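Here is the structure we will look at, set down as structure tokens.
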Amino acid sequence: MTGTGSVDYAGRGVLVTGGVRGIGLGITEAFLASGADVVVCARHEPPDLPSVNGRTASFVAADIRDPEAAAMVVDTAVERMGRLDVVVNNAGGGPTLDAATASPRVSARIIDLNLLAPLHISQRANAIMQQQAEGGSIIMISSVSGARPSPGSAVYGAAKAGLTHLVASLAIEWAPKVRINSLIVGLVATEQSESHYGGAAGIAAVAATVPMKRMGTPADVAGACLFLGSDLAGFISGAALSVHGGGESPEFLAVVRAALEDAANAADAERTNGAS
């Protein structure tokens with residue numbers, strides 16, 4: 001798989017929340033391909049579970065916004081795999097909302113899913129990992145929405161910003177046994193991208209705004225997870241790793257370029273008129 005490298009996870013146990021579609025599916029497939037035993041969770045079991053080279057992820061149905069359900073997921077993962085080396089808190093998301101009229105109930109559910117659910121999972125995972133000789137690694141899938149203004153998804157962005165800050169604090173509290181890091185994920189193309197961005201033309205237009213001139217892929221995010229979960233990242237904790245293809249060019253630069261181009265065109269026209 002492109003971007004996943006060849007880190008060996010044979011004999012390791014990995015839990016991926018929301019690991020059955022989109023970015024989560026890519027993460028699950030990457031760990032399976034690298035030899036890990038993988039447990040995934042979501043509210044509903046998909047028709048087909050993630051599978052690579054004849055190796056299939058194990059599924060647990062749960063709404064991890066419920067602390068007891070979150071603890072059950074972690075405990076079930078340990079029962080099935082005998083250990084828990086890596087947790088990827090991938091489950092998240094939220095609808096487009098006008099912050100002025102967003103209902104308290106919807107706002108609370110967005111915060112529950114994107115901030116509190118990862119905390120619930122991580123608390124139980126930490127309790128397990130602290131008892132393991134090798135400790136463990138926890139990875140939070142955060143977002144660029146939490147690192148810059150996020151109009152239309154202000155509550156989601158605030159929750160993701162909180163997630164990144166949470167990582168910095170937990171890395172101190174839970175060291176040295178448990179490493180915890182976050183990925184600041186940018187624009188990623190998934191199976192829902194065409195409907196979300198208005199088709200192929202919309203995707204191309206969005207991709208053109210990224211310095212790398214393409215949207216990310218689930219495999220790009222998965223590669224970063226493989227790295228952070230491995231011994232290669234053994235001295236990395238409390239970090240926020242950007243996986244966004246170089247970020248987003250500030251909008252004012254486009255305005256400045258357009259103004260400079262207009263000025264140059266006006267000067268050319270004036271010279272042409274003066275010469276005629």
Side-chain angles (χ1 to χ4, degrees), residues 13-20 22-28 30-31 36 38-42 62 64-65 67 69-71 73-74 77 84-94 110-130 135-148 150 153 155-175 177-188 216 218 220-230 232-244:
V14 178
L15 168 64
V16 183
T17 68
V20 298
I23 292 173
L25 175 59
I27 294 170
T28 300
F31 277 107
V38 183
V39 170
V40 296
C41 71
I64 57 174
R65 291 173 295 192
V73 167
V74 174
L84 185 61
D85 298 284
V86 180
V87 170
V88 182
N89 282 297
N90 165 77
I110 292 172
I111 293 171
D112 283 347
L113 178 60
N114 292 282
L115 178 58
L116 296 182
L119 174 60
H120 301 327
I121 289 284
S122 298
Q123 285 175 314
R124 186 58 183 158
N126 173 67
I128 300 297
M129 292 174 173
Q130 292 291 345
S137 172
I138 298 173
I139 302 165
M140 304 289 199
I141 303 300
S142 191
S143 169
V144 293
S145 293
R148 46 94 165 129
S150 191
S153 55
V155 177
Y156 170 80
K160 289 298 190 181
L163 190 63
T164 304
H165 187 274
L166 181 66
V167 163
S169 298
L170 297 184
I172 296 173
E173 290 193 25
W174 295 352
K177 274 294 188 71
V178 175
R179 295 186 300 106
I180 181 165
N181 296 285
S182 63
L183 296 183
I184 311 301
V185 178
L187 300 169
V188 175
D220 291 322
V221 181
C225 289
L226 289 179
F227 167 66
L228 287 178
S230 76
L232 294 174
F235 199 57
I236 299 176
S237 192
L241 175 62
S242 295
V243 185
H244 57 22

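Heavy atoms only: backbone and side chains are in, while hydrogens, waters and symmetry mates are out. Residues take their numbers from the sequence shown, with the count starting at 1. Just so it is clear, the structure is predicted and the values come from calculations on it, not from any experiment.
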Legend entry - side-chain hydrogen bond (donor to acceptor under 3.5 Å, both in side chains) partners for Ser237, two or more places apart: none
Inset, instruction - Would you name the heavy atoms of Pro118 and Leu113 that are closest together and state the gap between them? - result: CD-O, 3.4 Å
Inset, instruction - Report the residues that fulfil side-chain hydrogen bond (donor to acceptor under 3.5 Å, both in side chains) with Ser230, sequence neighbours left out, ordered by chain and then residue number. - result: none
Legend entry - Over all atoms of both residues, closest heavy-atom pair of Met129 and Val178: CB-CG2, 3.6 Å
Inset, instruction - Please check if the side chain of Gln130 supplies one atom and the backbone of Trp174 the other of a donor-acceptor pair under 3.5 Å. - result: yes
Legend entry - Closest approach of Val144 to Gly186 (non-hydrogen atoms, all atoms of both residues): CG1-CA, 3.7 Å
Inset, instruction - For residues Gly26 and Pro218, report the shortest heavy-atom separation together with the two atoms involved. - result: CA-CB, 3.8 Å
Inset, instruction - Find the distance between NE2 (His120) and CG (Asp112) and round it off to the nearest 0.5 Å. - result: 6.5 Å
Inset, instruction - Report the distance from atom OG of Ser143 to atom NE2 of His244, rounding to the nearest 0.5 Å. - result: 10.5 Å
Legend entry - Close side-chain approach of Leu228 and Leu183, heavy atoms under 4.5 Å: yes
Inset, instruction - Please list, chain by chain and in numerical order, all residues satisfying side chain to side chain contact (heavy atoms under 4.5 Å, CB included) with Val155, sequence neighbours excluded. - result: Ser107, Ile110, Ile111
Legend entry - Within residues 155-168 or reaching into it, pairs that qualify as side chain to side chain donor-acceptor pair (under 3.5 Å) - sequence neighbours excluded: Ser142-Thr164
Legend entry - Close side-chain approach of Ile27 and Val221, heavy atoms under 4.5 Å: yes
Legend entry - Donor-acceptor contact present, side-chain Arg179 to main-chain Ile236, <3.5 Å: yes
Inset, instruction - Please report the closest heavy-atom contact between Ala125 and Leu84, naming both atoms and the distance. - result: CB-CD2, 4.0 Å
Legend entry - Qualifying residues under side chain to side chain contact (heavy atoms under 4.5 Å, CB included), relative to Ile121, sequence neighbours excluded: Leu15, Thr17, Ile64, Ala70, Val73, Val74, Val87, Asn89
Inset, instruction - Return the set of residues passing side chain to side chain contact (heavy atoms under 4.5 Å, CB included) with Val167 (not counting sequence neighbours), or none when no residue passes. - result: Met140, Ile180, Ser182
Inset, instruction - For Asn90 and Ile141, indicate whether the former's side chain and the latter's backbone hold a donor-acceptor pair under 3.5 Å. - result: no
Legend entry - Minimal non-hydrogen separation, Ala239 against Asn181, with atom names: N-OD1, 2.9 Å
